[in-house]
Protein chains: 2
Amino acid sequence: MSTVDRALVLLDLFSEAMPESGLSELARLAGYDKATTRRFLISLGNHGYVEQDPETKKYRLGAALLRLAHVRETTFPVTDLVLPLLNGLRDETGETTHFSLAAGNSMATMMIAESPRANRVSLETGERLPLHCTASGIAWLAFAPEKTVQRLLAKPLKAQTKHSEIDPTRLRELIGAARECGIAVADQSYEDEVHGIAAPVFDHNAQASGAIAVATPVSRITPETSRQIKAAVYKAALDITKALGGLPDRGFYECQKVDLQ
Amino acid sequence: MSTVDRALVLLDLFSEAMPESGLSELARLAGYDKATTRRFLISLGNHGYVEQDPETKKYRLGAALLRLAHVRETTFPVTDLVLPLLNGLRDETGETTHFSLAAGNSMATMMIAESPRANRVSLETGERLPLHCTASGIAWLAFAPEKTVQRLLAKPLKAQTKHSEIDPTRLRELIGAARECGIAVADQSYEDEVHGIAAPVFDHNAQASGAIAVATPVSRITPETSRQIKAAVYKAALDITKALGGLPDRGFYECQKVDLQ
DNA sequence: AACCATTGGTTCATATAATGACCCATATAT
DNA sequence: ATATATGGGTCATTATATGAACCAATGGTT
């Protein structure tokens with residue numbers, strides 16, 4: 001991994017859950033030496049991508065990112081392309097849908113279309129969800145580079161609920177199953193009462209870059225609704241991939257033939 | 001300059017005016033070897049900060065930036081803090097105001113509050129303005145590190161209008177004057193008929209990080225309106241600096257005593 | 001008040017990773 | 001057909017990144 005890569009990892013560490021952090025903590029999280037971490041932070045700071053609070057000495061993301069995001073969005077408006085499709089999926093299923101991108105060791109929620117129902121799953125833009133116990137995460141892992149999967153399964157994983165699967169070999173099976181049928185299911189493995197169904201979205205290299213998911217109160221899941229949602233999610237994943245100029249993995253196409261239970 | 005710094009320079013090259021670019025062009029603009037540039041782009045791409053169009057092979061800013069900007073904005077909402085003050089300055093002067101951050105060799109427009117008048121100056125968020133012939137640019141240069149000024153003046157500069165000053169020694173004088181009174185004036189030096197009055201905004205290290213400016217049709221500029229706007233801009237610059245947790249340069253405070261013409 | 005465990009920050013000999021001249025295939029002008 | 005772009009890749013040389021050890025300062029604990 002190049003020096004530049006290592007420096008950029010620091011940016012990935014920041015999230016809504018951890019919007020600012022100290023030098024030692026960042027070094028620990030990234031697994032770098034303190035001196036190295038500090039040099040990286042200074043370089044990032046030179047360009048306005050991080051700033052340091054003069055009081056607390058903590059580092060946070062910098063204002064220059066707003067400019068870049070603005071250029072990106074006015075130039076290549078992902079939101080404009082994806083949101084209508086996400087809304088369509090929401091209307092079709094009647095349930096909350098969301099689009100997320102893989103970011104470091106988690107999925108970052110980029111867009112949400114909430115269900116109109118009173119009893120619905122609700123989440124927030126920017127939320128970061130763990131890979132191993134969410135439908136989106138499993139769907140992404142199923143088409144992610146093998147090395148990424150290995151690295152994730154090597155570490156000890158945290159169970160979010162009593163339904164969470166944290167055994168590496170069992171997780172391998174789940175990932176394998178998702179790869180088989182192009183769809184991942186997470187039944188209350190991230191939060192009790194919440195059922196997730198997700199499919200990967202691909203970039204132009206046929207690499208999974210993110211995922212779309214439908215999140216449902218578990219009470220509304222029946223064999224019928226499940227089948228219906230799976231079919232809708234599968235189709236929407238293809239549509240969004242296409243809208244973003246991506247190319248689905250070869251194997252993903254063949255999933256159409258698989259009986260979606 | 002460290003390797004990481006050099007890689008990050010590539011991100012700064014992208015703008016609304018140049019939202020995507022090829023390998024050779026980027027290498028040329030940054031002054032790097034093609035191989036080096038390519039390695040940087042790949043590293044940036046690994047983290048989603050740039051992407052490559054598979055057709056044209058051109059590179060553009062990546063989607064991961066949206067996540068970072070989102071975290072930054074929900075965590076440390078600059079817009080929420082600055083926009084009200086910018087609106088206040090607009091209301092006070094009746095003219096279009098904007099806030100910009102220094103980014104590479106230009107000022108990047110971050111926020112705008114447009115004048116309600118029919119005959120008004122109009123600009124766009126994200127626009128990048130040259131340093132040497134805009135009020136914002138001069139205001140920033142006046143309190144920027146000496147090395148930055150030297151580097152800028154070393155290169156040949158482009159005249160935007162027949163009023164643009166491009167002679168290094170004359171520009172030095174303009175910058176010096178701006179440093180004296182904390183205010184920079186640009187009379188039709190970027191665009192004919194447009195008059196700009198700007199003051200720097202400082203970060204927590206008392207370094208100029210950006211500027212606010214009032215842009216006026218030159219027809220409405222009289223000694224009186226000019227004096228009034230200068231006073232308002234000066235005060236707003238202090239307010240915004242404070243709102244952002246910044247600390248004005250020592251010299252900037254003393255400008256209050258200077259007669260603003 | 002002495003103690004230990006943190007923190008942010010710094011130094012410098014060593015080892016590792018960055019560099020760029022050179023090469024290739026392809027595409028678009030002349 | 002020749003010249004000059006382009007994106008991409010290789011590899012010996014060299015410059016840069018690295019991290020153990022080191023401060024000074026802060027904040028609990030005993």
Side-chain angles (χ1 to χ4, degrees), chain A residues 1-14 18-62 76 145 147 151 203-207 245-247, chain B residues 1-14 18-62 76 147 203-207 245-247:
Chain A
M1 202 187 255
S2 76
T3 305
V4 176
D5 272 294
R6 290 158 58 79
L8 293 175
V9 166
L10 291 178
L11 288 182
D12 291 336
L13 295 176
F14 292 95
M18 190 193 84
E20 56 175 19
S21 182
L23 173 62
S24 295
E25 191 180 13
L26 286 168
R28 219 178 303 118
L29 289 170
Y32 306 153
D33 185 86
K34 262 198 309 174
T36 301
T37 306
R38 182 145 198 282
R39 275 181 300 106
F40 289 165
L41 287 170
I42 288 175
S43 290
L44 291 166
N46 288 338
H47 295 262
Y49 300 137
V50 299
E51 345 175 299
Q52 187 178 28
D53 189 302
E55 301 279 306
T56 64
K57 304 288 180 187
K58 283 178 186 286
Y59 297 86
R60 61 165 173 259
L61 294 174
F76 197 78
K147 273 202 298 185
R151 215 179 309 137
D203 66 15
H204 47 75
N205 294 319
Q207 285 283 322
L247 186 72
Chain B
M1 203 187 254
S2 75
T3 305
V4 176
D5 271 293
R6 291 158 56 79
L8 294 175
V9 165
L10 292 178
L11 288 182
D12 291 336
L13 294 176
F14 293 95
M18 191 193 85
E20 55 175 21
S21 181
L23 173 61
S24 295
E25 190 179 13
L26 287 169
R28 218 177 305 118
L29 289 170
Y32 307 153
D33 185 89
K34 263 196 309 174
T36 301
T37 306
R38 183 144 199 284
R39 274 181 301 106
F40 288 164
L41 287 168
I42 288 174
S43 289
L44 291 166
N46 286 340
H47 294 262
Y49 300 136
V50 298
E51 337 174 309
Q52 187 179 28
D53 189 301
E55 299 280 306
T56 65
K57 304 290 180 186
K58 282 177 185 288
Y59 296 87
R60 62 167 172 255
L61 294 174
F76 196 78
K147 274 202 297 185
D203 66 14
H204 49 74
N205 294 319
Q207 285 283 323
L247 186 70

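The sequence lines fix the lettering, A, B, ..., with proteins before strands; numbering per chain opens at 1.
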Using atom [atom1] of [X] as one end and atom [atom2] of [N] as the other, report the distance to the nearest whole Å.
X: D53(A); N: dG8(C); atom1: CG; atom2: P; value: 12 Å
X: Q52(A); N: dG8(C); atom1: CD; atom2: C1'; value: 8 Å
X: F40(B); N: dG7(D); atom1: CZ; atom2: P; value: 17 Å
X: K34(B); N: dA5(D); atom1: NZ; atom2: C1'; value: 9 Å
X: L41(A); N: dT10(C); atom1: CG; atom2: P; value: 13 Å

So, is [X] near the phosphate of [N], with a side-chain N or O under 4.0 Å from OP1 or OP2?
X: T36(B); N: dG20(C); answer: yes
X: R39(A); N: dA17(D); answer: no
X: R38(B); N: dA18(C); answer: no
X: T3(A); N: dA18(C); answer: yes
X: S24(B); N: dG7(D); answer: yes
X: Y32(B); N: dA21(C); answer: no

Q. Are the side chain of Q52(B) and the backbone of K57(B) linked by a donor-acceptor contact shorter than 3.5 Å?
A.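 Judged by distance alone, yes, a pair lies under 3.5 Å.
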
Q | Heavy-atom side-chain contact between R6(B) and T36(B) under 4.5 Å | A |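 Yes, side chains in contact.
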
Q) For S21(A) and M1(A), take the nucleotide of DNA chain C holding the closest heavy atom to each; which residue's nucleotide lies nearer the 5' end? A)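 Nearer the 5' end of the strand: S21(A).
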
Q. Do R60(B)'s NZ or CZ and the ring of F14(B) fall within the cation-pi criteria of under 6.0 Å and 45°?
A.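 Relative to the ring axis of F14(B), which defines the angle, R60(B) lies outside at least one limit.
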
